[in-house]
Amino acid sequence: MSELADAVARGDLDELVRLVDGMCAGRRWGSLVDLRDRCRHALEERGLQLWPAAEYAEYRMALEAPGEFAGPLVVEGAGRFALGPLWEVAASTHTWAELEPHLPPGPARTLAAHERVLRGENLAGDASVDPLVLELPLTMEPWEPRYPVAAFFADRAEFPPPVMAEMRGSVPAPPAPTIQDPEGTEALIELAEPWSEQSNGRVAAVAVSGDAVGAMAASYPGPIAFTRIQGSDALALMAWTAAGGGAYGRRRGGPLGRFGAWWVVATLGGIAWPPEQAELGAALDRLIWVRWEPADVSHGWVGCLAVEDPVRGLAWALYAVDDHREGDQPT
């Protein structure tokens, strides 16, 4: 019996992971497909719980294999237990030209294209990308930032936040009177929804009649640290917040983070969707953006943001904080 067949028959996950590592090191992609298929069949035919090895094999192929092997893995729902959705993993290490001929039709194909846009490719005019899946341009606008993107490795992933100006501390200020604006507050909450629904986080948003300072005070009564930021920095922060899942939630991916950021600007700026790019850029400049956090938060996932519309005299604040459980090691 071959080494692979023997490991599958014994249900030896440790050995199967070792075999995956060896096949990747030797670039034996056909053998890796065979290992994945055998592990899937072992679950279906004999009830052996070898799906972790199959998932790991698919993740490594999406990350490291040529487009002919990585592309077919870009399907909706793939990588459910991986470090990120497989369309994002594959697009992080392959150009659109390498992936496109091998991608199955469907939403994941479009998301992979938008991930390549985040990483610097201009795909405007590519008729093979479904415009109805994600109503965003297939090129970066001049007023957009360089969005933070995920870095995937064989054994880990990194989701670095955008680099921001240092914040200064402040004593509590009087809260501004809150108002009802469900569209605005829901748009902000949706940025960090997985942090509260799938992880340990607390997420809330308020709308006030007043300025950004009054909105922050209405959102959090204690001392805070804050700094005013440019609209492009606010886009980067919102996109990072919306792309991730916090400490334990499932990652949504960079393109959906970009969409969430655009949606907030359009909603708070009073712009109909889908927006004209120039109109959205003008609203981004008109609004006042403030990054903030509670003074006692020193680590973890923080996506707190305040927004002020000086023309209408309105402001909003998002409180979004998540952290690892005590004793866990951050990844």
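Just the heavy atoms: all of them, side chains too, but no hydrogens, waters or symmetry mates, feed the values below. Just so we're clear, the structure is a prediction, and the values are computed from it rather than from any experiment.
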Output the distance between atom CZ (Arg202) and atom OH (Tyr319), rounded to the nearest 0.5 Å. 5.5 Å
Is there a path of hydrophobic side-chain contacts, each under 4.5 Å between heavy atoms of I, L, V, M, F, W or Y residues, that connects Leu32 with Val17? yes
Below 4.0 angstrom, N of the basic side chain to O of the carboxylate: do Glu15 and Arg10 qualify? no
Would Tyr56 and Leu16 satisfy side chain to side chain contact (heavy atoms under 4.5 Å, CB included), going step by step from the backbone distance to the final call? CA-CA 10 Å; Tyr56 180 52; Leu16 288 166; over 6 Å; no
Give, for atom CZ of Phe153 and atom OH of Tyr59, the distance between the pair rounded to the nearest 0.5 Å. 8.5 Å
Quick check: do Trp263 and Leu191 have side-chain heavy atoms less than 4.5 Å from each other? no
If hydrophobic clusters are built by linking Ile, Leu, Val, Met, Phe, Trp and Tyr wherever their side-chain heavy atoms come under 4.5 Å apart, do Leu136 and Val117 end up in the same one? yes
Here the gap from Asp309 atom CG to Leu314 atom CG, rounded to the nearest 0.5 Å, amounts to 6.0 Å
For the residue pair Trp29 and Phe69, does the interplanar ring angle fall in the parallel (under 30°), tilted (30 to 60°) or perpendicular (over 60°) class? tilted
Heavy-atom distance under 4.5 Å between the side chains of Glu115 and Val149, does that happen here? yes
Could you tell me whether Arg18 and Asp14 have a side-chain N and a carboxylate O separated by less than 4.0 Å? no
Leu280 vs Glu141 side-chain heavy atoms within contact, under 4.5 Å: no
What's the spacing between Trp240 CH2 and Trp301 CH2 if we round to 0.5 Å? 5.5 Å
May I have the list of side-chain donor-acceptor pairs in residues 76-96 shorter than 3.5 Å, sequence neighbours left out?
| from | atom 1 | to | atom 2 | distance (Å) |
| --- | --- | --- | --- | --- |
| Glu88 | OE1 | Arg251 | NE | 2.9 |
| Glu88 | OE2 | Arg251 | NE | 3.3 |
| Glu88 | OE2 | Arg251 | NH2 | 2.9 |
| Glu88 | OE2 | Gly254 | N | 3.1 |
| Ser92 | OG | Val89 | O | 2.6 |
| Thr93 | OG1 | Leu63 | O | 2.7 |
| His94 | ND1 | Ala90 | O | 2.8 |
| His94 | NE2 | Ala65 | O | 2.5 |
| Thr95 | OG1 | Glu98 | N | 3.2 |
| Trp96 | NE1 | Asp126 | OD2 | 2.8 |

For Arg146, I'd like to know if atom CZ has over 12 heavy atoms of other residues, nucleotides or ligands within 6.0 Å. no
Can you check whether Cys304 reaches Met216 side chain to side chain, under 4.5 Å on heavy atoms? no
Within the 4.5 Å heavy-atom criterion, are Leu287 and Glu308 side-chain neighbours or not? no
Asp233 and Arg291, any side-chain heavy atoms less than 4.5 Å apart: no
Student check: side-chain heavy atoms of Val321 and Glu293 closer than 4.5 Å: no
Hydrophobic cluster membership, Met238 vs Trp273, 4.5 Å side-chain cutoff: yes
Euclidean distance, Gln230 CD relative to Leu284 CG, rounded to 0.5 Å: 9.0 Å
Evaluate the ring planes of Trp143 and Trp262, with Trp represented by its six-membered ring, and classify them as parallel (under 30°), tilted (30 to 60°) or perpendicular (over 60°). tilted
Would you say Arg168 has more than 12 foreign heavy atoms packed within less than 6.0 Å of its CZ? no
List the residues meeting salt bridge (charged side-chain N to carboxylate O under 4.0 Å, His left out) with Arg250, not counting sequence neighbours, and say none if there are none. none
So Gln198 and Glu193, side chain to side chain contact (heavy atoms under 4.5 Å, CB included) or not? Walk me through it. CA-CA 8 Å; Gln198 303 172 25; Glu193 200 167 41; over 6 Å; no
What verdict does the side chain to side chain contact (heavy atoms under 4.5 Å, CB included) test give for Thr267 and Leu188, after you've listed the backbone C-alpha separation in whole Å, the side-chain angles of each residue and the deciding distance to 0.1 Å? CA-CA 9 Å; Thr267 302; Leu188 288 167; over 6 Å; no
If hydrophobic clusters are built by linking Ile, Leu, Val, Met, Phe, Trp and Tyr wherever their side-chain heavy atoms come under 4.5 Å apart, do Leu235 and Met140 end up in the same one? yes
The test is side chain to side chain contact (heavy atoms under 4.5 Å, CB included); show your working for Arg40 and Glu55 and say whether it passes. CA-CA 9 Å; Arg40 295 285 190 208; Glu55 290 256 333; 3.9 Å; yes
For residues 203-214, please give each side-chain donor-acceptor pair under 3.5 Å, one per line with the distance, not counting sequence neighbours.
| from | atom 1 | to | atom 2 | distance (Å) |
| --- | --- | --- | --- | --- |
| Asp211 | OD1 | Val213 | N | 3.4 |
| Asp211 | OD1 | Gly214 | N | 2.8 |

Do Val75 and Val133 belong together in a cluster built from hydrophobic side chains that touch within less than 4.5 Å? no
